[in-house]
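The first residue in the sequence is number 1, and the count goes up from there.
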Amino acid sequence: MIKGILINDNTDWQDEAVALSNLTNYVAIANAKIPKQGDILAIIQEALIKSPLEIFYIKDEYAYYKAYILDFATSEAEFIQKSWANKYGKIAWYYENFADYKVSNKKAAIVFLVTKFKKLEIPIDKQRFVIYSNYKLPTQDNIVPYIFIKGEKLSKISFNGDFFQFSKNFELDLTYPKGHDKQNQPLDKVCILGQSGTGKTSLLKIMKNYVLGEKLPANCVVTSNNVPSNSTPDAIYFPLNSIDKLELLDMDENINYTDDQINDFYDFEIADPKLHWYSVLHEVKEYQKKSIDFKLELMSKIENSKSTDLAINTINEEFEQWNRQNKNPLKELNVFLKPLLDKLFIRIKDNPKQLSDLKFIPIEGLNLDKNDALIPLEFLSSGTKQILVKTVPLFYLKPEHTIIMMDEPENSLYPDVQREMVQFVIQETWHTEKNCQFFFATHSPTIASLFEPWEIIKLKFNSTDGKVYQEKYYEGERHINNYFKDPKLYNWNAVYLQMFEIKEEVNKDYRQKAMDDLKKLEDALDIMAKKGNTNTKEYNDLFNRIIYQRRKLGFDY
C-alpha cells in the first residue's frame, strides 16, 4: 500500500494554493500527465479507500509543499458523477467542467481534490522518499507513488548565537558516545533534567517544531539521522498540561470520527483534543457498534425461532465464533495496562453498555461489582488520567520509528508509579522492531535513575551571567569509560545529592537534635546493661523508646 504521491513541479502556483486552502480548506488542482507505467490510478484509488493520501510537490532536490488527496477525476463523466461541490461545499479553483482545467495551456489529464495544502517550513530531501515498486523520482509533472518517508532521529541541537536563556554556542550531542555499541548513532532515549526555567520545555518544543516542519528560532540548528521508517504518526507530543482539556470530551454525546481526519503528528497541546482522541478511539467505537448490531441480530433470531432452546444453542455458538473473529480493543487495552492499573485498583470496563460511555476510556474500580456504574471522567484521579493520556495513544497508534516527547511525565504520580510508567512506556514501544526515540523532560529523581549517564542532559544556570549550559558527566573525550556519574548505580541519597544538588540534609538542625536525643538514650541503656538491669521494666521501656526514636530517624531497628 502506498502512502502518497510525488509530483515534480517547478512552476510557481503553490503559494496561492496555500492561501486559498486556508480560506476554503479544499482546492481542486490539475496535473498535465498521468504515468503510463503500471496502473497508477488503481493504486491511488485503492489507497484512498483506507485514508486520504499525501501529495508532495518537489522542486529541484526538495519537497516544499504538502497536501492531502481526498479524491480525483480523469474524465468529464467521472468529474460530474463525483459532484465534489455538493459534498464538500466551497472549493477553490473549482470549475463546472473537467475540460476547463488547464496546465500551462494544456488540457489536464487528472484533477485532484486536496485539503490542508501547506508550505513546509523545513523542506524534505527527496532522497528520503522510498519509491513504490520500480518507479523513479519524478521529472516535471510526473506522478510517482511512494510507500514511506525514511524517518529521522534527532542527533544534535545547537544555537549559533544567544537564544533566550541558553548560552551562546550551546550544543547538545544526542548520539551514543565512543566505546558504545551504537557509537555516533542517535540516542534511543533521553532524559532532560534541570532547574525550573532552564529551558527543558523549550527544547521539547524546538524538537516538536522541527518534526512538524515549522519554523525554528533563527539561531537554532537541529540535526537528524535518517532511519528506515514506515511510520504514522511521525511524532507524538505530550505537554505538561496533557489532562487539562479532557473534560471537553464530555461535551459531546459520543465519538464523532470521520475518515478524512488526518493525523501525522499527535500534539496533545492543541486547544481542542477531540480530533486526536476520536482518532485514537475510533477502533473502540467501531467495535462497539459492530458488537451492538450483532447482538440485536441474535436477539431477532431468537424471537423468530420456533424452537427457543435450539436457537439459544445455535446463537451461543455464533456469539463465541464472533468473539474469536473480532478482538475487543478495550479488553486488549486492559491487558496491556494491567501492570499500571492494578496499582491504582482500577480496570478498564471492556463491555460498556452504550456508545455514550465512550467519550473516553471507560474505567471502573477493581473492588466494584461488575454491574456498578463507570467512574465519570471528572471523578477519575489526576494520576489515573495522566497514565491513560500517556499510554492509550501509544497502544492504539502503535508508533514505529516515531519521536515521542513527554514533558514532566511524573505529574500527579506517586514516585514508584512515576518510575514504572516511564519504564512501561519505553519497554512497550522501544525495541529493535519499533525503534522509537524518546525525550523526557523531568524533575523526578526516580525517573532520572532509569537512564545511563550519556542519556541524561543536565541543564544548569551559570552563576556568573545566568545563562544555561549543559553540565557534563564525563572528563576528557566523550567515551563511556570517562563518565564519572551514573544514576543507575546510586542509592536514593546519592541521586538527590549528585544529580539534583540537594546539598543539605532535610531539617538538619531538627534532625541533629533527634540524633543527640538518641545518643543519650543509647548511653543510658548501655549503663543499665553494665549494671545487669536488663530484666527490669525500666530497661524494656528504655529499649522500646530507642527503637521508636530510630524508626523516626529512618534507621533499621
Side-chain angles (χ1 to χ4, degrees), residues 121-122 151-158 166 172-175 186-194 198-217 220 222-225 227 229 231-245 263-271 273 276-277 279-280 386-413 418 421-430 434-444 447-448 450-451 455-459 470:
E121 292 286 350
I122 303 176
E152 296 183 302
K153 282 189 174 182
L154 306 185
S155 57
K156 186 168 72 172
I157 298 176
S158 59
F166 294 100
L172 296 178
D173 188 339
L174 303 175
T175 63
L187 292 165
D188 295 308
K189 58 187 189 296
V190 177
C191 176
I192 307 175
L193 302 179
T198 50
K200 299 182 296 298
T201 300
S202 298
L203 289 176
L204 289 185
K205 290 191 175 183
I206 286 171
M207 297 174 197
K208 179 182 81 169
N209 290 345
Y210 176 81
V211 179
L212 276 172
E214 294 183 352
K215 191 173 183 179
L216 297 178
C220 182
V222 178
T223 306
S224 59
N225 291 24
V227 294
S229 172
S231 158
T232 299
D234 302 315
I236 305 174
Y237 178 69
F238 297 98
L240 175 63
N241 60 343
S242 297
I243 70 171
D244 287 359
K245 296 162 186 167
N263 292 306
D264 284 329
F265 188 106
Y266 281 77
D267 179 3
F268 288 90
E269 192 174 36
I270 58 174
H276 285 343
W277 281 111
S279 176
V280 168
Q386 288 286 2
I387 288 176
L388 294 174
V389 163
K390 292 179 171 70
T391 57
V392 171
L394 300 181
F395 177 76
Y396 283 124
L397 297 177
K398 296 176 173 56
E400 297 182 5
H401 311 285
T402 300
I403 296 175
I404 299 171
M405 294 156 280
M406 287 191 183
D407 196 358
E408 298 192 19
E410 68 270 20
N411 275 0
S412 303
L413 298 177
Q418 296 173 17
M421 191 197 73
V422 170
Q423 275 184 313
F424 179 84
V425 165
I426 293 171
Q427 289 169 357
E428 292 296 332
T429 55
W430 171 64
K434 295 189 176 181
N435 199 28
C436 292
Q437 187 180 31
F438 288 90
F439 291 91
F440 300 94
T442 182
H443 297 115
S444 168
I447 291 176
L450 291 170
F451 292 81
E455 295 173 334
I456 293 177
I457 294 171
K458 176 64 176 298
L459 303 178
Q470 180 189 6

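The CD1 atom of I447 lies 8.0 Å from the CG atom of L413; values are rounded to the nearest 0.5 Å. Of the inter-residue distances, the one linking M421 atom CE with T391 atom OG1 reads 7.5 Å to the nearest 0.5 angstrom. M405 contributes atom CE, which lies 12.0 Å from atom CD1 of I206 (distance to the nearest 0.5 angstrom). Interatomic distance, OH of Y237 versus CZ of F439, reported as 13.0 Å (0.5 Å rounding). Rounding to the nearest 0.5 Å places NZ of K156 at 10.5 Å from CG of L172.
Counting only heavy atoms from C-beta outward, the side chains of Y210 and I157 never approach each other to under 4.5 Å. Taking the side chain as every heavy atom from C-beta outward, I403 and M207 never approach each other to under 4.5 Å. With contacts defined as side-chain heavy-atom distances shorter than 4.5 Å, the pair V222/N209 does not qualify. Side chains of L204 and I192 form a contact here, defined as non-hydrogen atoms less than 4.5 Å apart. Residues C191 and T442 form a side-chain contact, since some pair of their non-hydrogen atoms from C-beta on lies under 4.5 Å apart. Residues L240 and T201 are not in side-chain contact: their nearest non-hydrogen atoms beyond the backbone lie 4.5 Å or more apart. A 4.5 Å side-chain heavy-atom check between L187 and T175 finds every atom pair outside the cut-off. Side chains of F424 and I387 form no contact here, defined as non-hydrogen atoms less than 4.5 Å apart.
The minimum heavy-atom distance linking C436 with P399 is given by the pair SG-O, 3.5 Å. Taking all atoms of both residues into account, the shortest heavy-atom contact from A441 to P409 is O-CD, 3.5 Å. In this structure, K208 and E269 approach most closely via the heavy-atom pair NZ-OE1, 2.9 Å. The shortest heavy-atom contact between F438 and V425 is CE2-CG1, 3.5 Å. The heavy-atom pair separating E410 from H443 by the smallest distance is OE2-N, 3.0 Å. Closest approach of Q470 and I456 over heavy atoms only: NE2-O, 4.1 Å.
Partners of T198 under the side chain to side chain contact (heavy atoms under 4.5 Å, CB included) rule, at least two apart in sequence or in another chain, are Q195, K200, L459, F461, V468.
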Q. Passes side chain to side chain contact (heavy atoms under 4.5 Å, CB included), I457 versus L174? Steps please.
A. CA-CA 9 Å; I457 294 171; L174 303 175; 3.5 Å; yes
